[in-house]
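Here the structure is laid out as structure tokens; the discussion comes afterwards.
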Amino acid sequence: MNGNDSKKARKQVRVWCDGCYDMVHYGHANQLRQAKEMGDYLIVGIHNDEEIAKHKGPPVFNEKERYKMVRANKWVDEVVEGAPYVTTLETLDKYNCDFCVHGNDITLDAEGLDTYRLVKTAGRYKECERTAGVSTTDLVGRMLLVTKDHHHSSDKTPDREQASSISRDSTSHSPWTGISQFLPTTRKIIQFSEGKSPKPGDRIIYVSGAFDLFHIGHVDFLEKVAALDGFVIVGLHSDQVVNSYHKSNYPIMNLHERVLSVLACKYVNEVVMGAPYTVSQDLMDHFKVDLVCHGDTPYKPDLNGKDPYEVPKKLGKFRVIPSGNSLRTFDIVNRIVKNRYDYLARNNEKEMKEIAAFEALKASKEKTMNSDSNNNSNHNDVTAQ
Ligand code: CTP
Ligand code: C5P
């Protein structure tokens, strides 16, 4: 029996993940990557808007947007729409899943109970490493505070602390989702990337942009670009370049974070980290680009007042690919700013519930340890007699 046959003979391990997956970020992507590594086939159950509003407060993205974002993740094999908030054994059995995987934080329902209590008791629950330094809560905080501090990903300055604390009570700090800094490593990039070169004859398609807060508009665009059937390279502008044309506190996500978000998308083959704004002849030659695409969103002239796509246009290698979706990064920021108080209240409530659950868990562990040591000392007393 060769290796392939033995793999076929082995039962396929089916893994279940579920969650809100609101404002899908590279923390979610990293959870899905780790979950896929634990088995062969990954099914992701996503809660609908009504369930999330009931247990956690209003989501930023609606269910249709959230379903599509997760479907675009390259480690996901199947999405189940409207999955229940509390994970039951019936759900795992219905989709023929062996176990469920969640990050090493806690998710609580409206009553403050662990949503994974049933699968944990049944031994059908596994944990993966939660990605530090990114959460929907943190991203909301960044959007509400005008700071460029997240552009410097390696130092944690007082400004950064301030940005993080905007969405929390100043005295509280969730033990699970408290914000620490995301530290990008080469290993993480390797884990996220395909690491494959284009095959001989592949048509090389190049697109560039900010791809900030990687969203459903980007996914719709990249899906259409990938449908042109080529090797898709995404050139990500550096933080300085993005800031020079979007001003204010843009980009909301720094280059390292944007790299991971884009790499996790199944329509992308390769990413250029810190691509130049102008698509020059040099760049076209270097990557052997056959076609350059841009959506139908507007873009600014370069520093010399020239069209950044002048070269590919002159070569007849430029195409506008309408995404059919008008969402822009600014719209997301506007959604957040408009509903600022709702989101602040939602985040604080989530954090307070988590602190209460953490304290209860600590107290119950201490109680067990005390009763163990009492039993031991009673046992010693008996043997001494
Ligand atoms: N997750 C993770 N790392 C993060 C954020 C989320 O591993 N930085 C994982 C969670 O542990 C969970 C899954 O992603 O297994 C889906 O999370 P979700 O239901 O969207 O909720 P949250 O954990 O609340 O995500 P966030 O804090 O970003 O709102
Ligand atoms: O605005 P940004 O630089 O992030 O856009 C990156 C690419 O995605 C551009 O080609 C842009 O036209 C495209 N896009 C799109 N539809 C959207 C948002 C972005 O086609 N709703």
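Remember, it's 1-based here, ligands and their atoms both numbered in the order they're listed. Residue indices begin at 1 and follow the sequence shown.
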What atoms of ligand 1 come within less than 4.0 Å of a heavy atom belonging to Gly19? 19 (O)
Which one holds for Asp105 and ligand 1: side chain close, backbone close, both close, or neither close, with close meaning a heavy atom under 4.0 Å? side chain
Phe61-Tyr21 aromatic ring centre distance below 6.0 Å: no
Centroid separation under 6.0 Å, is that true for the rings of Tyr95 and Trp16? yes
Can you tell me which portion of Arg33 lies within the under-4.0 Å heavy-atom range of ligand 1? Options are side chain, backbone, both, or neither. neither
Is the distance between the ring centroids of Tyr245 and Tyr277 less than 6.0 Å? yes
For ligand 2, give me the residues whose heavy-atom distance to it is below 4.0 Å, by chain and number please. Gly209, Ala210, Phe211, His215, Gly217, His218, Phe221, His294, Gly295, Thr297, Ser323, Asn325, Ser326, Leu327, Arg328
Are the side chain of Asp290 and the backbone N or O of Ile204 linked by a donor-acceptor pair below 3.5 Å? yes
Does ligand 1 have an atom under 4.0 Å from some heavy atom of Gln34? no
Same cluster (ILVMFWY, side-chain, under 4.5 Å), Leu92 and Leu118: no
Does His25 approach ligand 1 within less than 4.0 angstrom via side chain, backbone, both or neither, non-hydrogen atoms only? side chain
Within the side chain of Arg66, is there an N or O that forms a donor-acceptor pair under 3.5 Å with the backbone of His47? yes
